Amino acid sequence: MTMAKRDTYTPESLLAVAVEVFNERGYDGTSMEHLSKAAGISKSSIYHHVKGKEELLRLAISRALDGLFAVLDEPEATGGRAVDRLQYVTRRTVEVLMAELPYVTLLLRVRGNTDTERWAMERRREFDHRVADLLKQAAADGDLRADVDARLATRLLFGMINSVVEWYRPGHGGAATSEEVADAVVLTAFAGLRTPGRD
């Protein structure tokens with residue numbers, strides 16, 4: 001009697017493979033055939049778990065967004081001086097980015113070609129606006145330099161944070177820990193942003 005090969009994939013492990021393929025090939029350049037081959041299972045097995053590749057994209061992006069938005073609800077992000085909250089959110093955003101690196105990488109690469117991508121871009125803008133509001137409040141409190149435009153400072157801060165996905169490779173010899181990278185981002189950003197003598 002021959003036993004049928006049991007599908008050992010879980011939705012979580014399938015999602016991890018899908019994210020890897022999406023990041024490698026691009027979402028638009030990925031077919032269900034590509035996902036099937038990468039996972040080593042049939043397309044019908046994938047459809048057992050999800051409706052299609054757009055659902056996988058939404059699940060992956062949701063994981064990244066949920067992690068980022070959760071930071072904004074942490075106690076240190078909701079109470080105290082705006083500059084301290086901003087610094088905390090910056091640190092935690094770097095930590096989430098590094099903990100969920102493939103998922104956040106995918107989030108940062110969406111271009112708005114599908115409903116899911118447009119939804120993701122809107123959610124990203126919402127997150128960015130909430131952080132920008134913190135930065136504006138810190139500037140209004142006098143805790144950030146008045147000679148740096150708040151919108152420009154926001155873009156530079158996100159540029160520094162988001163660039164981590166382009167160069168950070170965990171597990172490579174000499175790779176910095178998430179704590180070291182978060183420390184470096186916070187030190188670099190806030191040494192330049194904070195009003196001298198107000199730290």
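No experiment lies behind these values; they were computed from the predicted model shown.
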Over all heavy atoms of both residues, which pair between Ala82 and Ala138 is shortest? Give the atoms and the distance, please.
-> CB-N, 3.6 Å
Using 4.0 Å as the upper bound for N to carboxylate O, is an ion pair formed by Arg85 and Glu76?
-> no
Given side chains that start at C-beta, do those of Arg63 and Glu12 come closer than 4.5 Å, heavy atoms only?
-> yes
Does some side-chain heavy atom of Val181 sit less than 4.5 Å from a side-chain heavy atom of Val164?
-> yes
Can a cation-pi geometry be assigned to Arg109 and Tyr27, taking NZ or CZ under 6.0 Å from the six-membered ring centre and within 45° of the ring axis?
-> no
Heavy atoms of Ile61 and Ala120 approach each other most closely as CG2-CB, 3.5 Å
Report the C-alpha distance between Asp84 and Arg81 in whole Å, list the side-chain angles of each, state the deciding distance to 0.1 Å, and finish with yes or no for salt bridge (Lys or Arg N to Asp or Glu O under 4.0 Å).
-> CA-CA 5 Å; Asp84 295 328; Arg81 289 190 72 80; 5.4 Å; no
State plainly whether one hydrophobic cluster holds both Phe127 and Leu156, where clusters connect Ile, Leu, Val, Met, Phe, Trp and Tyr through side-chain heavy atoms under 4.5 angstrom apart.
-> no
Kindly give the heavy-atom pair with the smallest separation between Arg92 and Val71, and that separation in Å.
-> CB-CG1, 3.5 Å
Could you check Thr93, Thr154, Leu86, Ile161 and say which one makes a side chain to side chain contact (heavy atoms under 4.5 Å, CB included) with Val131?
-> Leu86
Start with the C-alpha distance between Ser31 and His34, add both sets of side-chain angles, then the distance that settles side-chain hydrogen bond (donor to acceptor under 3.5 Å, both in side chains), and finish with yes or no.
-> CA-CA 5 Å; Ser31 68; His34 293 128; 3.0 Å; yes
Glu117 with Arg58: basic N within carboxylate O range, under 4.0 Å | no
Within a strict 4.5 Å, meaning less than it, do heavy atoms of the Leu65 and Trp119 side chains meet?
-> yes
Ignoring hydrogens and geometry, is there a side-chain-to-backbone donor-acceptor pair from Thr78 to Pro75 under 3.5 Å?
-> yes
Side-chain touch Val50/Leu15, heavy atoms, less than 4.5 angstrom = no
So, the side chain of Arg25 versus the backbone of Thr30: is there a donor-acceptor pair under 3.5 Å, distance only?
-> no
Here the gap from Ile46 atom CD1 to Lys43 atom NZ, rounded to the nearest 0.5 Å, amounts to 9.0 Å
Check whether any side-chain N or O of Thr195 sits under 3.5 Å from a backbone N or O of Gly142 as a donor-acceptor pair, and report yes or no.
-> yes
Decide yes or no on side-chain hydrogen bond (donor to acceptor under 3.5 Å, both in side chains) for Ser178 and Glu95, but give the supporting numbers first.
-> CA-CA 6 Å; Ser178 64; Glu95 290 170 353; 5.6 Å; no
dist Phe22:CZ -> Thr105:OG1 (nearest 0.5 Å) comes out at 14.0 Å
In sequence, state the C-alpha distance, the side-chain angles, and the governing distance for Asp133 and Gln137, and then conclude on side-chain hydrogen bond (donor to acceptor under 3.5 Å, both in side chains).
-> CA-CA 6 Å; Asp133 287 345; Gln137 182 59 54; over 6 Å; no
Quick one: CZ on Phe190 to CG on Asp143, what's the gap to the nearest 0.5 Å?
-> 10.5 Å
Shortest non-hydrogen contact from Ala39 toward Leu14 = CB-CD1, 4.2 Å
Flag yes if more than 12 heavy atoms outside Arg155 fall under 6.0 Å of its CZ atom; otherwise flag no.
-> no
If you count the non-hydrogen atoms of other residues, nucleotides and ligands that lie under 6.0 Å from CD in Glu179, is the total more than 12?
-> no
Is there a donor in the side chain of Arg194 and an acceptor in the side chain of Gln87, or the other way round, less than 3.5 Å apart?
-> yes
Under a single-linkage definition using a 4.5 Å side-chain heavy-atom cutoff for Ile, Leu, Val, Met, Phe, Trp and Tyr, are Met98 and Trp167 assigned to the same hydrophobic cluster?
-> yes
What are the two closest heavy atoms between Asn23 and Pro102, and how far apart are they?
-> ND2-O, 2.9 Å
Report the C-alpha distance between Arg91 and Asp183 in whole Å, list the side-chain angles of each, state the deciding distance to 0.1 Å, and finish with yes or no for salt bridge (Lys or Arg N to Asp or Glu O under 4.0 Å).
-> CA-CA 7 Å; Arg91 171 180 299 285; Asp183 285 345; 2.6 Å; yes
Output for pair (Leu68 CG, Asp128 CG), nearest 0.5 Å, gives 9.0 Å
More than 12 heavy atoms of other residues, nucleotides or ligands under 6.0 Å from CZ of Arg151: is that the case?
-> no
List the steps, then state whether side-chain hydrogen bond (donor to acceptor under 3.5 Å, both in side chains) holds for Thr114 with Thr116.
-> CA-CA 5 Å; Thr114 67; Thr116 296; 4.6 Å; no
Minimum heavy-atom distance between Gly192 and Arg145, given as atom pair plus value | O-CD, 2.7 Å
Between OG1 on residue Thr90 and CG on residue Leu193, distance to nearest 0.5 Å | 8.5 Å
Under the 3.5 angstrom rule, does the side chain of Glu180 hit a backbone N or O of Thr177 as a donor-acceptor pair?
-> yes
dist Leu57:CG -> Asp115:CG (nearest 0.5 Å) comes out at 11.0 Å
